[in-house]
Amino acid sequence: MDIANEVIESMLVKFNSEKKWTLQAIAQLSEEDIRWVPNSESNSITNLVAHIRGCVHSRIETIFFDIPDTRDRENEFEHGLKYSKEQVYNMTKETFDIMIQYLKYLQSNPELLLSQPFINRPPLTYSQVNNETTVLNLMIAMVREIHYHTGQIIYAAKIRKGQLVWNYD
């Protein structure tokens, strides 16, 4: 197997796993739990999900679906952000589905890993990558970004619920 396909397959495994565990954690929470913040400097699960969704919109949907970037990053971190549990769950599922769909597209087009999809687009904002980044670098950044925030979500869920029940199937 060549390295491009191995990298893409590894990312697919990672995103499918993150999707599974994050959705299971959110499913066990109440409306109050998803809005809870441990202190004034922290974010709620709702904020974290909105932020992950915003990242995927501005970095993936703009490339894959050619959708203009309409992200409102400041709103993602607004305290008291109100989405229902169902909305948070569905937003999480949709976000991971977009990532997985894009990775499956890359499996069929591994040569795109070294392309620079933002080179002729407006400058990226609020991003750890610049317009000269490759798809490979962008996807590595997305693995890090999403994993970081899903870890926060699962940790907050454990604080609220104590022990979570996991389905390992």
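- For His147, the NE2 atom counts as loosely surrounded, since its 6.0 Å shell holds 12 or fewer non-hydrogen atoms of other residues, nucleotides or ligands.
- For Lys82, there are no salt bridge (charged side-chain N to carboxylate O under 4.0 Å, His left out) partners, not counting sequence neighbours.
- Annotation: salt bridge (charged side-chain N to carboxylate O under 4.0 Å, His left out) contacts of Asp69 (sequence neighbours excluded): none.
- Ser30 and Asp33 are linked by a side-chain donor-acceptor pair at a separation below 3.5 angstrom, with hydrogens and angles left out of the test.
- Shown here are the side chain to side chain contact (heavy atoms under 4.5 Å, CB included) partners of Leu23, two or more places apart in sequence or in another chain: Lys19, Tyr89, Thr92, Lys93.
- Sorted by first and then second residue, the salt bridge (charged side-chain N to carboxylate O under 4.0 Å, His left out) pairs involving residues 139-159 (not counting sequence neighbours) form an empty list.
- Atom OH of Tyr148 sits in a sparse spot, with 12 or fewer heavy atoms from other residues, nucleotides or ligands closer than 6.0 Å.
- Chaining together hydrophobic side chains whose heavy atoms lie under 4.5 Å apart leaves Val37 on its own.
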Tabulate below the donor-acceptor pairs under 3.5 Å that side-chain atoms of residues 99-112 make, not counting sequence neighbours, or state none.
{"residue": "Gln107", "atom": "NE2", "partner": "Glu9", "partner atom": "OE1", "Å": "3.0"}
{"residue": "Asn109", "atom": "ND2", "partner": "Tyr105", "partner atom": "O", "Å": "2.9"}

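- For Glu94, the side chain to side chain donor-acceptor pair (under 3.5 Å) test picks out Arg53, with sequence neighbours left out.
- Not counting sequence neighbours, Thr134 has no partner by the side chain to side chain donor-acceptor pair (under 3.5 Å) test.
- Legend: residues meeting ring-ring contact (aromatic ring centres under 6.0 Å, His included) with His149, ordered by chain and number and at least two apart, are His51.
- Among residues two or more places apart in sequence or in another chain, the side chain to side chain donor-acceptor pair (under 3.5 Å) test is passed with Asn120 by none.
- With sequence neighbours left out, Asp66 forms a side chain to side chain donor-acceptor pair (under 3.5 Å) with Arg121.
- Partners of Glu86 according to the salt bridge (charged side-chain N to carboxylate O under 4.0 Å, His left out) rule, which considers only residues two or more places apart in sequence or in another chain, do not exist here.
- A side chain to side chain contact (heavy atoms under 4.5 Å, CB included) with Met91 is found for exactly one of Ile26, Thr46, Val49, Ile52, namely Val49.
- The neighbour count for Phe77 CZ, taken as heavy atoms of other residues, nucleotides or ligands under 6.0 Å away, is above 12.
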